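Structure first, then comments.
Remember, predicted model here, so these are calculated numbers, not experimental data. Numbering of ligands and ligand atoms starts at 1, following listing order.
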Amino acid sequence: MDKYNNSHQEAGNRPIGIFDSGIGGLTVVQQLMKLLPNESLVYFGDTARVPYGTKSDRAVKEFAWEDSLFLLGHGVKMIVVACNTASAVALDELSRYLKIPVLGVINPGAKAAVKVTKNGRIGVIGTQATVDSKAYESELSAIVPEMFVTATSCPLFVPLVEEGWLEGEIPEKVAINYLSPLLSNGIDTLILGCTHYPLMKPLLSKVLGGGITLVDSAAETARETVRLLDEMQIKSTGEKRANQFFVSDLPRRFESMGKRFLGEPIESIAIAEPWKSARPNQCVIKP
Ligand code: DGL
């Protein structure tokens, strides 16, 4: 029996793997820690190659493969692609070829938005690559075909969040500039289609005014992870191991910024460079 075809219980006691282009995926980790306190987590943040949102599909796919294979090397039972850009561009390919379940952040966010919208007009904000991919439009129209969707990229939001500029005149002006066209389109729901954006919720709510529901894909993805683990009967029943955090560069910066994203200190962070690792055994890939 190969190592990815064991009993539910054995599979359940393996960790959940999560990756992001850098730090933003910690917003998903925070929600996973809340909803699944008994699960062990292995996180990889590709801080040497962030941002993914300004790169080509070809590059993002390559990075996503390397990140996933690194997590597989840690024996994970499922992978959460905690990055909107990687989910938009590489999720289909990863789920097609990997034997373990792979969950992205786009489908959970789209499902939640469809549930909360009253007027059927949904806005999406994300990186350039996510918006160009039209992944949210496809996902939303697959759920409810007659939905009106308007998407815009907000490239300055990621650096603002990383610098901790979450309020004040400058971030407010930037947000007004990006969000005004969405407001004129009469949206009643806004999907935060980037893992950095949940930290901007207070500012975005202020700029948007009342009456617009913000959909945080991090929280929705954690809920979907719980549902998937239940459905596959691979929830952990064993003792929780310490969560492991890996980054490809600048662990100190990740540690200090990480506190803001995670809401608590990160105990230990190791360096990993997946592009240098040997590929794991072919048995992890579907034929
Ligand atoms: N994590 C990315 C996302 O959710 C944002 C940062 C980047 O561009 O890499 O799309």
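Protein heavy atom at the shortest distance from atom 10 (O) of ligand 1 is Thr85 OG1, 2.6 Å. Annotation: atom 8 (O) of ligand 1 to nearest protein heavy atom, Gly53 N, 2.8 Å. Among all protein heavy atoms, the one lying closest to atom 5 (C) of ligand 1 is Cys194 SG, 3.5 Å.
Side chain to side chain, Thr85 and Thr127 meet the donor-acceptor criterion of an N or O pair below 3.5 Å. In this structure, a donor-acceptor pair under 3.5 Å is present between the side chains of Thr117 and Asp188. Residues Asn84 and Tyr52 bring no donor and acceptor atom of their side chains to less than 3.5 Å of each other.
Under the side chain to side chain donor-acceptor pair (under 3.5 Å) test applied with Glu39, the options Lys77, Arg14, Lys240 reduce to a single match, Lys77.
Under a 4.0 Å heavy-atom criterion, Gly24 is not in contact with ligand 1.
Residue contact check: Cys83 has heavy atoms under 4.0 Å from atoms 1 (N), 2 (C), 3 (C), 4 (O) of ligand 1. In summary, the atoms of ligand 1 found under 4.0 Å from a heavy atom of Asp20, numbered by their order in the structure, are 1 (N). When each atom of ligand 1 is checked for a heavy atom of Thr127 under 4.0 Å away, the hits are 5 (C), 8 (O), 10 (O).
Between Arg260 and Glu162, none of the side-chain N atoms (NZ, or NE/NH1/NH2) sits under 4.0 Å from a carboxylate O, so this pair counts as no salt bridge. Salt-bridge check for Arg227 with Glu231: passed, with a basic side-chain N closer than 4.0 Å to an acidic carboxylate O.
Aromatic ring centres of Phe70 and Phe44: separated by under 6.0 Å.
Annotation: Ser21 places an N or O atom under 3.5 Å from an N or O atom of ligand 1; distance criterion only. Distances between N or O atoms of Asn84 and those of ligand 1 include at least one value under 3.5 Å.
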